[in-house]
Amino acid sequence: MDYREQSKDLLSRKKNLVSAYNAIKTELQHLENEKTACKTIASNSSLDEEKARAVYEERLINILADIDDCRFRLSVVERELLKIEKGMLGLSDYQRDIIETFFVERVCHAVDDLMERWYKERSSIYRDR
């Protein structure tokens, strides 16, 4: 297994993971609100008691399944982001900047930007990368 390629792939997905984390958190909040609304509608329903209960139970089961799925997806994304953060902790600012520029942001002319920012030669940056 080539851990370098796996690391590059994980770093290239960092932006998507952050976006997914925010989207899943929002979705989870909406599902929690929907669960509360479902309970309120069921208690205020004018349908006969048995039919209202069946509709409520079915809808609540679907919402709970969606919430469980959402929490699972959130835990997967959090685990991936935690891997990235733990890996970046032991690095210097220079090393972190190289990784962010080359692999996360994928900036055009990344070497030129880093040369200006860190006053290093092109070959040094490529070697450090």
Side-chain angles (χ1 to χ4, degrees):
M1 175 179 267
D2 188 7
Y3 289 107
R4 288 181 183 179
E5 290 302 317
Q6 189 178 8
S7 298
K8 288 178 187 177
D9 178 56
L10 183 61
L11 287 168
S12 69
R13 293 184 296 128
K14 182 180 177 185
K15 282 178 146 181
N16 291 337
L17 289 170
V18 170
S19 297
Y21 178 81
N22 293 330
I24 293 171
K25 288 289 269 189
T26 303
E27 182 182 358
L28 188 59
Q29 184 61 43
H30 287 299
L31 286 170
E32 292 291 344
N33 292 342
E34 192 174 345
K35 181 175 75 172
T36 304
C38 181
K39 289 178 182 177
T40 305
I41 289 171
S43 65
N44 295 337
S45 179
S46 62
L47 299 173
D48 64 27
E49 190 69 30
E50 236 176 86
K51 190 173 182 180
R53 187 175 188 178
V55 169
Y56 163 72
E57 285 178 355
E58 182 179 339
R59 183 66 189 138
L60 187 61
I61 288 169
N62 289 336
I63 291 171
L64 292 174
D66 290 344
I67 288 173
D68 284 345
D69 178 59
C70 201
R71 285 186 179 146
F72 173 75
R73 288 184 289 131
L74 185 65
S75 70
V76 169
V77 170
E78 284 176 336
R79 186 178 63 233
E80 296 287 307
L81 287 171
L82 189 61
K83 283 182 193 176
I84 294 171
E85 293 304 317
K86 280 185 177 180
M88 298 288 252
L89 279 177
L91 301 176
S92 67
D93 291 340
Y94 170 66
Q95 292 168 329
R96 217 174 291 125
D97 198 18
I98 286 177
I99 289 174
E100 288 283 333
T101 305
F102 276 107
F103 303 112
V104 177
E105 299 294 328
R106 295 184 176 200
V107 176
C108 293
H109 309 292
V111 177
D112 297 328
D113 292 344
L114 290 169
M115 285 171 54
E116 287 179 26
R117 207 173 316 150
W118 293 99
Y119 305 107
K120 298 256 186 178
E121 293 180 4
R122 182 179 302 273
S123 60
S124 296
I125 292 175
Y126 278 120
R127 184 182 59 246
D128 294 342
R129 181 183 76 160

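This structure is a prediction, so every number in the text was calculated from the model and none was measured. Values reported hereafter were calculated over all heavy atoms of this structure, with side chains retained and with hydrogens, waters and symmetry mates removed.
- When each of V77, L81, V76 is checked for a side-chain contact (heavy atoms from CB on, under 4.5 Å) with R79, only V76 meets the rule.
- Note: S75 OG to E80 CD = 10.5 Å, rounded to the nearest 0.5 Å.
- With values rounded to the nearest 0.5 angstrom, S7 atom OG is found 9.5 Å from K83 atom NZ.
- A distance of 12.5 Å separates CD1 in I63 from CG in D68, rounded to the nearest 0.5 Å.
- Here F72 pairs with nothing under the ring pair (Phe, Tyr, Trp, His ring centres under 6.0 Å) rule; sequence neighbours left out.
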Practice item. In sequence, state the C-alpha distance, the side-chain angles, and the governing distance for E57 and L60, and then conclude on side chain to side chain contact (heavy atoms under 4.5 Å, CB included). Key: CA-CA 5 Å; E57 285 178 355; L60 187 61; 5.8 Å; no
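- Defined by atom type and a distance below 3.5 Å, a donor-acceptor pair is missing between the side-chain atoms of E58 and N62.
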Mind listing the side-chain donor-acceptor pairs of residues 17-27 below 3.5 Å, one per line with the distance, residues two or more places apart or on another chain?
unit_1, atom_1, unit_2, atom_2, d
S19, OG, K15, O, 3.2
N22, ND2, V18, O, 3.4
T26, OG1, N22, O, 3.0
E27, OE1, R73, NH2, 3.1
E27, OE2, R73, NH2, 3.2

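- Heavy atoms from other residues, nucleotides or ligands lying under 6.0 Å from CD of E121 number 12 at most.
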Review point. Step by step, would you call R122 with D112 a side chain to side chain contact (heavy atoms under 4.5 Å, CB included)?
Key: CA-CA 8 Å; R122 182 179 302 273; D112 297 328; 2.9 Å; yes
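- The same ILVMFWY cluster, assembled from side-chain heavy atoms under 4.5 Å apart, contains both L64 and Y56.
- To the nearest 0.5 Å, atom CD1 of residue I84 and atom CZ of residue R13 are 7.5 Å apart.
- When all heavy atoms are compared, the tightest approach of V104 to L11 is CG2-O, 3.5 Å.
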Identify every side-chain donor-acceptor pair in residues 95-103 under 3.5 Å, counting partners at least two apart or on other chains, and give the distances.
unit_1, atom_1, unit_2, atom_2, d
Q95, OE1, S92, N, 2.9
Q95, OE1, S92, OG, 3.4
R96, NE, M88, O, 3.2
R96, NH1, D93, OD1, 3.1
R96, NH2, L91, O, 2.5
D97, OD1, T101, OG1, 3.4
D97, OD1, R117, NH1, 2.6
D97, OD2, R117, NH1, 2.6
D97, OD2, W118, NE1, 2.6
E100, OE2, K14, NZ, 3.1
T101, OG1, D97, O, 2.7

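- A 4.5 Å side-chain heavy-atom check between L114 and K120 finds every atom pair outside the cut-off.
- Between atom OH of residue Y119 and atom OG of residue S124 there is a gap of 15.5 Å, rounded to the nearest 0.5 Å.
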